[in-house]
2 protein chains.
Amino acid sequence: MRTVEKALKLLNFFTEQQPEHGLSNLARLSGIDKATVLRMLGDMEATGLVEQDTRSRKWRLGAGILRLARLREAAFPVTRVLTPILERLATETGETAHASLLSGRELGSVAAVESTRSNRVIMEAGHILPLHATASGVAFTAFANPEIRERALAGDLPQVTPATPTTRETFEPLVREAMTKGYALSDQAFEAEVTGIAAPIFGPDGFACGAISVATPSSRMTADHVSSILSALAPAARLATLGLGGHIPSHHKIAA
Amino acid sequence: MRTVEKALKLLNFFTEQQPEHGLSNLARLSGIDKATVLRMLGDMEATGLVEQDTRSRKWRLGAGILRLARLREAAFPVTRVLTPILERLATETGETAHASLLSGRELGSVAAVESTRSNRVIMEAGHILPLHATASGVAFTAFANPEIRERALAGDLPQVTPATPTTRETFEPLVREAMTKGYALSDQAFEAEVTGIAAPIFGPDGFACGAISVATPSSRMTADHVSSILSALAPAARLATLGLGGHIPSHHKIAA
DNA sequence: AAACACTGGTGTTAATAATGAACCGATGCG
DNA sequence: CGCATCGGTTCATTATTAACACCAGTGTTT
C-alpha cells in the first residue's frame, strides 16, 4: 500500500541509540524487501532526508531535516517558545520536563530539559510517545479532537511495560479521568521506575495539539510531590498554549 | 517516476515567506494532479512531516520534523558545533555568517548568524543554495567528491540573477579558481547587491560536505575587506571541519 | 440572485511504477 | 576453505498510482 508512507516510516527506525543503519538491517526491521528499501532510501537521499556514510555505507538522518526544522521554527517558533517554559518547569519541580506535539498519529518529543538532580529521568531525544502508554499521550488524547480520541481508543495498544494499558477497557478510564482532572498521571506504563505527569497543550481550535510533562523517578512520587508538580505544571501548560497561539477552552481547569 | 521523491519535493515549496500552502496551490506549483498531491500530503501527514491547519485547511511543515531534527542533533550535533563558530565569525567580520550542508544535490542552509550592522545581509532561514549560484556552492563543488563535482558541472544551471553562471564554460572556471585558492567569492550571482565568500567544510572522507560563508553588501566589498574576511573565515572553516569530525586534506590551504 | 471562478476533496479505470525473488561480487569469520 | 552476511543490481509480474471528471462549498462579480 501507500509507498510514500512506508518509505517515511523507515525514518522511525533511527533513534538516539541507533542513529545509523545498514541496508539489510533496515530491510529486516521494516519487513520490506532490500531492493525496495534501497530505492526508498535513494529517494529520500535526493531530498536530504537521509544520507549515507561514504565509507561504512550506513544510512542516517540527513542534513535536509535540519534545514526543514529551521524553516519551521522560523514560521512557527515552537522550540523557542517551549524551551524557556520547560526550563522554568524543570527548576521549579526539580524534575525532568519535556514537551511533545502531535506528529502523525502519535506524539513526537520536540523539547526537553533535564533535572539537575543526580537521580533524574533521562529523556531520550526525539522519542515517539505512544498515546496510550505515556502521561503525555493520555493527557493529549483526553483533550484531542474527538475524532482523534476515538481513533486512539480504538487503535491497537501495544504493551510497552507490564503496566501499559493494552485494551480499551483499561485505557479509556485513564482518558476519562484525565478529562475531568485536566491532567494525566502515568506510573511506569512506558518505562519502568518512571512516573509521568502531563497536561495538554491546546491548539487554536481548542483541541489538544500536544502535551507538556514532568517525569520523575517513581520512588520520589508522593501525594505532596504530585501536588507541587501540578502547581508548576498548570501555569506552564497555560503558557505553552498561549505562547503557541493556542486557545484554552473556557471550562478547562487542572485540579487534583 | 519515483513517487517518493516527487512527494518529498513538495516540501521544498514551503519557505520562510510561504510557510503554508493550500492544496490547489501546491498542485499548481508542482505540476502534479490535485488528487495525487492530496494523497502524498496524507502520507506525509501520517509521519508528521506535514500537518494541516484544521480551520484553514492549509498545509505546513509538521512537528515530526522537529522530532527528527532533535534526533539528528543528538547523534551528530551539527548546529551546536557550528553556531558558536558562526557567532565568532560574524563578530570578527561584522558581517552575516552562515553554514550549509549537502542535502540531496544541493546545499541546505542549516545555521546562520546575522551581522549587527544596520546595513547587513539577511539570510532567509532554511534556504536551498544552488551549487552554481552561490559562493558556498562553488566552494563546496570545488572540494566535493569528483563524482558529485562532475554532476554539478554537467547539470543544468538555472539563471538566478544576471550574474549567475548558466553554462559549464562560465561555471567551471569559478570552480577551478576555488580549487586553487581554497575559497570561493561570488558577486551577486544569487542575490543582487550581495557578495559571498565561502570555504568548504570537509567530511571524514576528505571531501567537502558543506560550506561556511560570509555574506556582505556588495557596496562594502573591497580588497581589504576580502582579506580581513578571509583571515577570519579560514580558521572558522578549519574549526567547523574538525568540530564535525571531518578530515582536512593535507594540501588544502586558503590563500588569496 | 445568478453566473462564475475558485477552493478542498472524492471516486473510478487505464497505465505506470513498485515489488521481490534470484543473482552478483565483496567482505568477514570460524 | 566454506559459510554467512553485506550492499547492490536486474527483471518479469502485479498491484499501486495517477489523472480525469465530478461533487459540494465559498466568495466575487455582475
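None of the values given here were measured: they were computed from a predicted structure. In what follows, chains are A, B, ... by sequence order, proteins preceding strands, each numbered from 1.
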K.L.:
Salt bridge between B/Arg55 and A/Asp205, side-chain N to carboxylate O under 4.0 Å?
P.N.:
no
K.L.:
Might you work through the side chain to side chain donor-acceptor pair (under 3.5 Å) test for A/Asn145 and A/Arg151, ending with a clear yes or no?
P.N.:
CA-CA 10 Å; A/Asn145 183 308; A/Arg151 201 173 56 199; over 6 Å; no
K.L.:
Rounded to whole Å, please give me the gap between CG in B/Asp33 and P in C/dA15.
P.N.:
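Nearest whole value for this atom pair: 16 Å.
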K.L.:
Side chains of residues 71-78 of chain A: which donor-acceptor pairs under 3.5 Å do they make with residues two or more places apart or in other chains?
P.N.:
from: A/Arg72; atom 1: NH1; to: B/Glu51; atom 2: OE2; distance (Å): 2.9
from: A/Arg72; atom 1: NH1; to: B/Leu61; atom 2: O; distance (Å): 2.8
from: A/Glu73; atom 1: OE1; to: A/Thr79; atom 2: N; distance (Å): 3.4
from: A/Glu73; atom 1: OE1; to: A/Arg80; atom 2: N; distance (Å): 3.4
from: A/Glu73; atom 1: OE2; to: A/Val78; atom 2: N; distance (Å): 3.2
from: A/Glu73; atom 1: OE2; to: A/Thr79; atom 2: N; distance (Å): 2.8
from: A/Glu73; atom 1: OE2; to: A/Thr79; atom 2: OG1; distance (Å): 3.0

K.L.:
Whether B/Arg39 contacts D/dA18 is assessed here as follows: a side-chain N or O lying under 4.0 Å from the phosphate OP1 or OP2. Is that the case?
P.N.:
yes
K.L.:
In whole Å, I'd like the distance from the NZ atom of A/Lys6 to the P atom of C/dG20.
P.N.:
6 Å
K.L.:
What does the B/S/- profile of nucleotides 3-9 of chain C look like, 5' to 3', with a 4.0 Å heavy-atom cutoff to protein?
P.N.:
----SBB
K.L.:
Quick one: A/Asp43 CG to C/dA17 C1', roughly how many Å, whole number?
P.N.:
11 Å
K.L.:
Measure CE/B/Met40 against C1'/D/dA18 and give the value in whole Å, please.
P.N.:
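One finds 9 Å between C1' of D/dA18 and CE of B/Met40, rounded.
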K.L.:
Would you call A/Arg39-B/Glu5 a salt bridge at under 4.0 Å N-O?
P.N.:
no
K.L.:
Expressed in angstrom and rounded to an integer, what is the separation of B/Ile32 atom CD1 from C/dT16 atom P?
P.N.:
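After rounding, the reported distance stands at 16 Å.
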K.L.:
Which whole-number value in Å describes the distance from B/Glu5 CD to D/dA18 P?
P.N.:
13 Å
K.L.:
Atom CG of A/Leu101 and atom CZ of B/Arg67: how far apart are they, to the nearest 0.5 Å?
P.N.:
12.0 Å
K.L.:
Taking atom P of C/dT19 as reference, at what distance in whole Å does atom CG of A/Leu41 sit?
P.N.:
12 Å
K.L.:
Are A/Phe207 and B/Thr54 packed together at the side-chain level, in the sense that at least one heavy-atom pair is separated by less than 4.5 angstrom?
P.N.:
no
